[in-house]
Structures are given as structure tokens and as C-alpha cells.
Amino acid sequence: MFDSNFAIQSFPKILAVAPMTIYLSIIAAIIGLILAVLIAVVRERKVPVLSPIIGIIVSFIRGTPIIVQMYVVYYGLPQLLIALQKWGISTNSSGVPAIMVAITAYSLNAASNISESIRSAYHSVDYKQYEAAISVGMTPVKAMTRIIVPQLIANLIPNFSNIFIDLIKDTALVYNIGIVEIMAKANIISSVGFKYIETYLDALIIYIIICWIFAKLFQISEVIIRRRVFATQRIN
Amino acid sequence: MLLEIKSLKKKFANNTVLKGINLSIKAGEVVVIIGPSGSGKTTLLRNINFLEQADSGTMVFKDKQLNLANLSNEEILWVRRHTAMVFQNYNLFKNKTAIENISEGLIFGQNRSKKDALQLAKKALDSVGLLDKQDFYPAQLSGGQQQRIGIVRATVLNPDIVLFDEPTSALDPELVGTVLYDMKQLADQGQTMIVVTHQMSFARNVASRVVFFADGEIIETGTPSEVFDHPKNKRTKQFLSAIAEDY
Amino acid sequence: MLLEIKSLKKKFANNTVLKGINLSIKAGEVVVIIGPSGSGKTTLLRNINFLEQADSGTMVFKDKQLNLANLSNEEILWVRRHTAMVFQNYNLFKNKTAIENISEGLIFGQNRSKKDALQLAKKALDSVGLLDKQDFYPAQLSGGQQQRIGIVRATVLNPDIVLFDEPTSALDPELVGTVLYDMKQLADQGQTMIVVTHQMSFARNVASRVVFFADGEIIETGTPSEVFDHPKNKRTKQFLSAIAEDY
Amino acid sequence: MKVSKVIVTLLNGLPETLSLLIASFFFASLIGLGMAWLYLRKNPILSALAKFYLGIVRGTPPLLMLLLSYFGLPKLFTLVGININDWAKIFFGIVGLSIGWGAYLEEAFRSAYLSVDKGQYEAALSVGMDAKHAFFQILMPQTFLIALPNIENLLIGLVKATSLVYVMGMVDMYSEATDLSNQNQGIYQLEIFIILALLYWLIVLLIEWVFRMFHRYYRYVEI
Amino acid sequence: LKNNEKTPVQAAKVQTINVAAPNNNRPYTYPKGSGIGGYYGDLLKQIDKDLPQYKFNETTTSQNSVFVGLQSGKYDVAASNWWYSKDRFKTYLHSDSNALDDLRLVTKKGGKTANSLEDISKKKLKLVPISTDDARYSFIETYNQQNKKHKISLEGIGDQSAGDALKEVSNGKYDVAIYPYAAYKPVANKAEGKKLVVSKSIGLENSYFLLNKNSKNKALVKAINNDLKKLKANGYLEKITKKYLYEDTFKLANANKTFNSEAHK
Ligand SMILES: Nc1ncnc2c1ncn2[C@@H]1O[C@H](COP(=O)(O)OP(=O)(O)OP(=O)(O)O)[C@@H](O)[C@H]1O
Ligand SMILES: Nc1ncnc2c1ncn2[C@@H]1O[C@H](COP(=O)(O)OP(=O)(O)OP(=O)(O)O)[C@@H](O)[C@H]1O
Ligand SMILES: [Mg+2]
Ligand SMILES: [Mg+2]
């Protein structure tokens, strides 16, 4: 029943689209990180009106399955663009590529998760470090960038690593909107003969390896950063 | 007068922590503040360099008149750049080496060139005999070493006043001496200091003036021998006897 | 002799922390151990009630001979149930209220009924005047209150020896007195105690014997006045002068 | 189509979603506890076993985990001569999610356990408790309280992951939604999915509220 | 099943057969209660009734999952409008033809039109992505292999309903979709569908049951084939075709020639 030849032949074909999975995850992580910083700043500074609104949006995004979000964006984005057209803003509603939908959904998702992690990493930096900085005459901005942020980054890495690995795994759903990444390729190759077990096993192995590599990379970078930032492996 | 504080008041929620403090300090004076835990000593220091914002009161510092309830950002920065603080738990920047801890304030607080700053920092480290530790991170230093660097970090800025908040109370007893020694050196060089401490022998030997603080008020002030040997107030007496370790 | 330790040795990796300790304690004695940081005082206490396992040595406790390098679980439990410990950082159970902190040992260490245990715990709390705090969690109590409960938690078990590891060094100075007072009361009642402390006045006033410890060895031992006023060893003198707060 | 009809239809799947959630969370916790226990053993083989489990599961997309459970598990059982093909789908859903979330919970429990103050355990021993009582009276409750925020996040993640059981044709809220939208040839797709999202959000808000209450109850236990 | 194994007498009498169908393929299959609805729902129930020695146990799930289960042996029969492909017939057992599908091209009213697969390629029309599990996907792939000069650009997608796909034609995102008439028809009456036009038939395709390869199922295939022959002859297939597929595909030109043509390749 298990066609090991087919499994072996399919492996390189599926591996060939792994860059799509990684690309999607990295783009979503980068955009997510940028948005997350903005969100964290707005939320921490308690910017009136904006802060509670963003709080609700973040809660909503964190509280709903990504596949549902993806469909909402998939079906909602074109309608939004059509609506914008009616308002006289020129958009091309028919031209929203699936990859844009995926990046939008996954970036928003990453942004809300990362923003929470940034906030908790920020709170885990000893507040007195900030006071020490301004007491030697630094401006608040300098105190943040020179003292708080480097320490925050070291605290952030473990959580960020988890979020990124979840992101890689979650992209296994984007085949639903027609993006050819690992799962989609596995499905496509399988459909010819309706043989799925082989390709899914290939996909599983590829996912495990990718996740393992990234987990290790983050682990190493945490050790390096901790050593650079604090000259210790762990802060007390 | 270098510093003159008038009717400084500070509340947290509905807890009035400072109930109208008046305190004047001449250049070169060493003022030691003693008093029970929770009486507001730390809060007073934090209000002097604006880590905390007072509710009302005025301050004259270096002939500049300041309304404590309404300070501009420039005024805050100006005061911070002419005062310095030494913390109970050292608070060295954990992500900076010993020498960087000292140079950061020179570079980013006083806009000196990096080269100058490092040179000054080196000299300052040398003066407390810790030059060989210049590239160590705080986590690699003992408490006593950290605190002595904390003091250097403050004094290298050449501040008009240095504020000390229980600088030795987190230290092992045999290490306390080294830090107090550095502080005495400073005092002997004419540095103006406000020191919150429980080290009565330091207060007795080094202070020009002792202030006894309780419940957010100055209860008694005078020379060390006035306050320690002839306390006028009942609460002062009570506090001194609790500290005096007899049971 | 209530407790007799012979040639106790303890190494961490290649760092020999205890280099063959001999120490005997009679019932009713109060032995105060002093010495510099890192000299092994805490390690000694932890070896006595087996929080740490010694590498070699013997111990006679309540006429029972114990080989420290080779203890059965029953022996360990038996010793722990006849000794008690008071920690520097109190170590009250953070997830238990004041009264539960005291009753836990009675219930799970001494197999008493919950009802009995709570009654005993209540009485014990009352004896230090903290009955009104019985339902407070440690985080809701001051350091002094926590440590006094820590002492009650130990003594309510009616142990043959109570071990104190710097019980006051984490406390605010005015709170130190209340804890030392409780400890003196205990000593006066004839409780056998081993106390590691930097409170020289306590050592002087309460100790039957003072042991000066350095580098994992007992350097000097004697009555308080022998050790403090006429120290024989150079290192003892050096240590006492560092502590003595003159600069 | 009326919103109320959409809601009623989607709510048909709620019992399935909830039973899946509760059972998976329960078993995932058991697996997590067991694996954390193995991981922390001094025995190198046992802890290697736990690390292996962790490494594999952490790299497996939940979707594949569910497929593995639904189709791989029966294969595994036929090797020992037991036929579980006919067991209810929810069984396989629970197995897949439990194995996946067990790994996350393992990490939460282990890191919480390691961050319990060692002095607490020693204090327990010093009042004469044996290791077992010290563990169950002192370490375990504190571990649990420290792990609580992580547990909350994981439970929320699990709520969302239950939607993936569509791959095995279970009729949960998500499947009700896709089926409803198919019945209508995808015309009300956006509306249906927005309502679906709101329903999931509601469940999550409820969970957050419960944890908040719990947290408030233990606010004086500062660990 | 387990009980049956223990009592061989009974086992010879009634065997349970696990049948799976996609949950997203109206009007051919969809979930109905705990079983299968639609064209194949009716057909399976009829066959089940006709074959007393078998008892069908029906389930619906996502399409890729149907085949993972079929391959692993969890399911015996996969039911939907599976068309012929060499690989499939090699991997699985297959029945004789159980339905005829009428393929059409759907375009936007007033927009570009197409009446054959070649048209799509010649006019450079954008074809709506096809679910990679779908028979239409390999149908186009096969076409591309055989018509290297007039290749159609083909995009894959996950499970997607006909409604969603056709919406993308009506809103202009894509130019043309390829669907069996039966999948297009229910959309045609909706508001979105009114913006669409459908071509003439561009071909007929047979559908087959696919079965896990094992000896038990070999006997089952025989039994099913016999029954299918009977159901074709007595008009039952035509009856449910008219009931579910909106037209009688057996009456179309070439229907008789095409029916069951690949079954014994
Ligand atoms: N940020 C704050 N928010 C609310 N209350 C505060 C805050 N900081 C201090 N307090 C309260 O103000 C009072 C004075 O505190 P402060 O730290 O100034 O006392 P202290 O004299 O320095 O005591 P210690 O000797 O323990 O350091 C205390 O009751 C404290 O609880
Ligand atoms: N678990 C351990 N592993 C390794 N080394 C240890 C451990 N516990 C203590 N040590 C080392 O043993 C030595 C003695 O430590 P100990 O805590 O007994 O000293 P102490 O006399 O109690 O000091 P202090 O006055 O600072 O409490 C120190 O050098 C310490 O670093
Ligand atoms: Mg203070
Ligand atoms: Mg110690």
C-alpha cells in the first residue's frame, strides 16, 4: 500500500517549494514584528482611543482560528476594495493575489502574538534600569534605546522563537486559498494517483526538519545575545 | 544654599507619603537621613531628581527657581544632569560592561565624545582600584564591586549633589566597609551628598547634619551628636533604641 | 552531648567547602557561628539536617550513630523531624496562609490531625502576637512578620535543635530587633540553637559559645568574650575589625 | 439569509467543539505532566525519550498531527491485532490534539517547575515532610500557579486548533460553517465566517474571564 | 467488524464496508446526517439494499482525507464523481462507471467566451484555480500533456466550493471556469449566477468508485459492478441523474459510446 518509490520521488519536488513556506513565515514575521512594535508602543503608552481599539483588535485576532481569519480576509478584502472604489479610491478588487491575502492574515496574526510577547518582555526588564539611565542624565528616548531595548530583546527571543515556529506550522493551511507551499505541493502531487500518505509523510519530515533548524538557530542566537548583552546565560 | 526645598508634598493614591518637606543644603554638606522603613526617605530622594513627580512644593537649585508641581522637560533634564544617584541594588546597566556603565552618562547625558568619556571612565575606575574589571559585566562582579562602580558612575558626572539610597544595605557585612570607605573619601573631597542609610557609625563619623524622618515628615535635625546623643523627640529616641540592637 | 559531628567533609565539584568539621553541642546550648561570606556556614547548617549530603563524616544525634556518607531515607527523615530550620529569606510557603505555614509540618511531618495541628498553630501564632494575621499570605506580610512566623513554624514542631541561617539579614534594621527578641526568648526557654548571624550584639549577649568559621574550617571557638575581646587567631581579628564599621 | 439562522446552524457544532476542547485539554495536560516528569528524570534514556517526543511534535503542523491520528493510529493498532477503525471520529480528534498540545504543556509545566524557588522545597523538607508531601503540598501548587498564564495561552490556542478537525470530517462549528456556506454556493461566505470568528472569540473571552477570576482569587500568592 | 471476525458464519453473511465521500461536492456528495447525501448518497443506499451480504457504513470528510483513508485501509470505498486516470486505476480497485458528467465552460456574461479547452489557451483566458484533489485538475493536466501547443495555465487550490469559484468569474478575477453542468447549475439561479453564461457540452466523463486494494474488496467490486449493470439497465442511474444533475446526461450525444469506456483499460 505504501509506495516508497513514490515517496522518495516526491520528496525533492515538495522540498523545492519549502522556500515558499519559509518565505511566507519570514515575511509575516517581519511585517508582524514591525506592526507589533507599533502596537506595543501604543498599548504601553496608553494612547487614548487608539490603545483600547487596538486592544480589542488584538484580542479578536488572538481569539479566532487563523483559517477563519484567512477566509475573512480572502472574501472580505475584495469587497473592501470594491467599497473603496465606490468611495472613489482607485483599487483593483479583482487583482488581490492569494499571497497578499495570506501575508495579510499571517502578519496580523503574528503582530498580535508578538506584540503581547514584546509587552511581557518589556515588563520583565527591571524598571529600575530605566531610572538608573535617566538619573545619569540620559533622555527617556536614549534610556529606552541604550538600556531597555537591548535587555528586552534578550528576553523576547524564546517567545519569538515559539511564535515563529507556530507560524511555519500554521502556513500549512494556506493551500486552502491556492498558494503552493509544502502542503499544497503534497496535495497536488498526490491528486494524480490519489496517493496521499507518501507525500504527507514527506511533508511531515520536511516540517520537522525546518522547525528543528529554526528552533536551533533561535536557541543559538539567544545564547549569543545573552552573552553579549549580559555576559551570562540567564539573568536572575 | 545649593539646594532649598520648600513644602514638598507627595501622595500615592490616598496615601500621603511626604507631608510638606522643608530642607536646605549648603555646598559641601553631607546630610544623612535616617528613619523607619516606609517613612518616605526613598520617595524624598526620588522627588529631588524627579524620578517621581511631586504634587506641590518649590525647589531652588543652583539659584534656579523650580515649581515642583509643574516642571518642563528641560528643567527635569537640567536637574538630572546636575545631580546623580546611587541605588540600593546598585542598578548597574546589566547590558553594559563596567567601563560602559560609567561612560554612558558622559556620552549620552553630557554629550562628550566617546573617546573623552572612556578616558574619564578609565581614570575614575582606576581611582577605586577596579581598572582590571573594566570589561566585566555586572553579573560577573561582587555586590561590593558593583556598588563601588555605581558610586563612580554617579561621581564621574561631576554632579553638584549625589543622592545615596541605602547604598550598603544589600551588601554582605564584610563588604560594607569598602563602600563606606569610598563614600567617606568623597565627603572628604567636599562632595555635597544626601545619604539615606542605617549605618549609624557612618552617620556619626561623616555627616555634617543628621535628619530624622518619620511618617513623611522631618521630625528632628541636627549635628550627629545632637541627634544621636541628645535626641529631643520621643520618636527619635524610640527609633534609635530599636536600631541599637539590645533586647 | 545532643549532637556530635566528626570530620564532616563536603565538596562541590572541585571546591572543598567543608574541610573536616568537628562540632559538639549540648542540650540547651546556643552556638553562634560567625565568619566571612562564602566560608561555608550555610553549607554546614544544610549538612546538619541533610538538605545537602556530606561526602564523609559521622554524626551522633540523640545517641544515634549516623554515617553521613551513607544515610538511609528513614534516618534522613528522622533527623529532619527532630531538627528545624529558619531561613535567611524566610522561605514561608508562598501558597499557604500564615496559619497553614505553621500547621503543614505538624500535619505532614508529624502526622497530627488537621484539627490538632490548626489548634497548635493558632496558639503558636498567638504567642508572637500575630494571630490576627493567620489568614494572610506571605506576600501580604512584612519581612519581620514573615520571619517571626518562620521561627514559629520551626519551633512549633518541638525540635531538639533549631538551625538559624542569618535570620535577620534580609530585614529592615528596625525590624531586626523584633526577630532577635523572639530568638532570645527561645534561648531563655532552653531551646538548643545553632545560629549563623552577623549580629555581633546578639552573639555577645545570647550565645553560650561562638564559633569563628573561615574557608571551611573552624578557626576559633570560645565564649563570646573570649572570641570577641581576646581573639587568638589573626583571621578572627581581621574579620572582626572589618565588621566593626570603622573607616 | 438571516443572521439568526447562521448562528443557530453554527451553534449545532458547538457541543462537538467544546467536547473536543475539554477532552483534548484534559488528556494533553496528563501527557504534558507525564512528559515533564520524564524529562526531569535523571535517567538519560527517559529524558531523551521526552526530548524526542518534544522535538517531533513541536515540528509537526497540527493538521498533519490530526491526519496521523485519524489514519496512522488505526494502522498502528492493527499491528497488534486491534481494529479501532470504527471508533468515533472525536476519539481521533482528541488523540491528535492531545499529543500535539501535550508537548506545549510539557514545556509550560517544566519551565514553571524549574522556576519554583528551590528554598520552598527545602523549607518543606525542613519541617519534616517527606519528598512526596513536599511535592504535592508545595511544589505542585506553585508550579501550577506559575504556569497559569502559559496554560491560558495554550488553552486559547487549542480552541482555535479544534477548527482543524475538518480534515477528518468532524462536524464542529467550523465544519458547520463551511457546509452552510457550500449549501448556499458560497454566497454568504463572508458573513458566515465573520459570525464564526465572533463565536470563537466569545469562547476565548470566556476562558480569559475564568482565568482572570482565578488569578484574582490567588492574587496574594506572589510567586 | 470485530464481532464478525469472531463468528465466521455470520461474517460470510454480512460484511461491513466503510464508504467515504467528500463533504464539499454538491450535488454529488455532501454530509447528510451522519451519512452521505446527494447523487452518490442515493446510489449507495440503493446498492446497499441490493447487496444483502454487505452493509455500508458511510462517512464524509475533506477530499484529501478521503484518499488518505482509502489508501491506509480505513475506508474501503471512496464515492464521488472520480474520473479516470491511469495512476488512480493502478493504485486502487475501481468499479464500472457509475455516472456520466457533462463538462461545461462558464464565463462572464458579456465577457470573453470559450467553447472548448483550446479556446482557453488560444484566447489566453485565465482559468479559475482548481482544487488539486479534484478530478478536473488532472483532467486539465492530461489535456496539457496531450496538447503541448495549446497548454492552459493551471493553478491549484485547496478545497473550494463551486459557488466560490464561480464568484471569481462573475467578479472578473478570472475569465473562465470548467465545471460539470451539475455543479454550475445550482449557482446559476443565484444573484451571482445571473452574471454568468455557460458553454455547450465540451465532453463527457465517466465516474467510478475507487476501492482500497484487498481481496475482500475484489469480491465487492464484482458485486457492485453487477448491481451497476442492473441499475443502468433498469433506468435507476438515469433517474437519479435527472434528480440531482439537472439534466439527463445519458441522453447527450456520444453518451452510449462514452459510458464505461475506460473501465477495462
Ligand atoms: N510607587 C509607589 N506607589 C504607591 N505607594 C508607594 C510607591 N512608592 C512608595 N510608596 C509608599 O510610600 C511610602 C514611603 O515609601 P519609601 O520607599 O519612600 O519609604 P522608605 O523610607 O524609603 O522605606 P525603606 O527604608 O523601607 O526604604 C510607603 O508606604 C510605600 O508603600
Ligand atoms: N550548591 C552549590 N554548588 C556549588 N557550590 C556551592 C553550592 N552551595 C554553596 N557553594 C559554594 O560553597 C561555598 C560556601 O558557601 P556557603 O553558602 O556555605 O557560605 P556562607 O558562609 O554561608 O556565606 P554567606 O555568608 O554569604 O551566606 C561558596 O564558595 C559557595 O560558592
Ligand atoms: Mg527606601
Ligand atoms: Mg550563608
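Every chain is numbered from 1 and lettered A, B, ... according to where its sequence line falls, protein lines coming before strand lines. When reading the values below, keep in mind they use all heavy atoms of this one structure, side chains included, and skip hydrogens, waters and symmetry mates.
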Inspect the surroundings of [atom1] in [X] and state if more than 12 heavy atoms from other residues, nucleotides or ligands are less than 6.0 Å away.
{"X": "A:Y23", "atom1": "OH", "answer": "no"}
{"X": "D:H215", "atom1": "NE2", "answer": "no"}
{"X": "A:K128", "atom1": "NZ", "answer": "no"}
{"X": "D:I45", "atom1": "CD1", "answer": "no"}

Under 4.5 Å from a heavy atom of chain A, the part of [X] involved:
{"X": "D:L205", "result": "side chain"}
{"X": "D:L202", "result": "neither"}
{"X": "D:L67", "result": "side chain"}
{"X": "D:T60", "result": "both"}
{"X": "D:I207", "result": "neither"}
{"X": "D:F71", "result": "neither"}
{"X": "D:I56", "result": "both"}

Measure distances from [X] to the heavy atoms of chain D and classify the residue's part below 4.5 Å as side chain, backbone, both or neither.
{"X": "A:S120", "value": "neither"}
{"X": "A:I165", "value": "side chain"}
{"X": "A:N162", "value": "both"}
{"X": "A:N159", "value": "neither"}
{"X": "A:I205", "value": "neither"}

Donor-acceptor pair, side chain of D:K160 and main chain of A:R62, under 3.5 angstrom: yes
In Å, rounded to the nearest 0.5 Å, how long is the span from [atom1] of [X] to [atom2] of [Y]?
{"X": "A:K169", "Y": "D:L64", "atom1": "NZ", "atom2": "CG", "answer": "10.5 Å"}
{"X": "D:L63", "Y": "A:Y207", "atom1": "CG", "atom2": "OH", "answer": "8.5 Å"}
{"X": "A:T64", "Y": "D:I203", "atom1": "OG1", "atom2": "CD1", "answer": "11.5 Å"}

Pairs of heavy atoms under 4.5 Å with chain A: top-ranked of D:A161, D:P61, D:A177: D:P61
When A:A215, A:A203, A:C211 are compared by non-hydrogen pairs under 4.5 Å with chain D, the top option: A:C211
Heavy-atom side-chain proximity of A:D166 to D:R58 below 4.5 angstrom: yes
Close side-chain approach of D:L196 to A:V72, heavy-atom, < 4.5 Å: no
Parallel, tilted or perpendicular: ring planes of D:W201 versus A:F60, cut at 30 and 60 degrees: perpendicular
Closest non-hydrogen atom pair, D:G55 against A:I208: O-CG2, 4.4 Å
Minimum heavy-atom distance between D:Y200 and A:V68, given as atom pair plus value: CE1-CG2, 4.4 Å
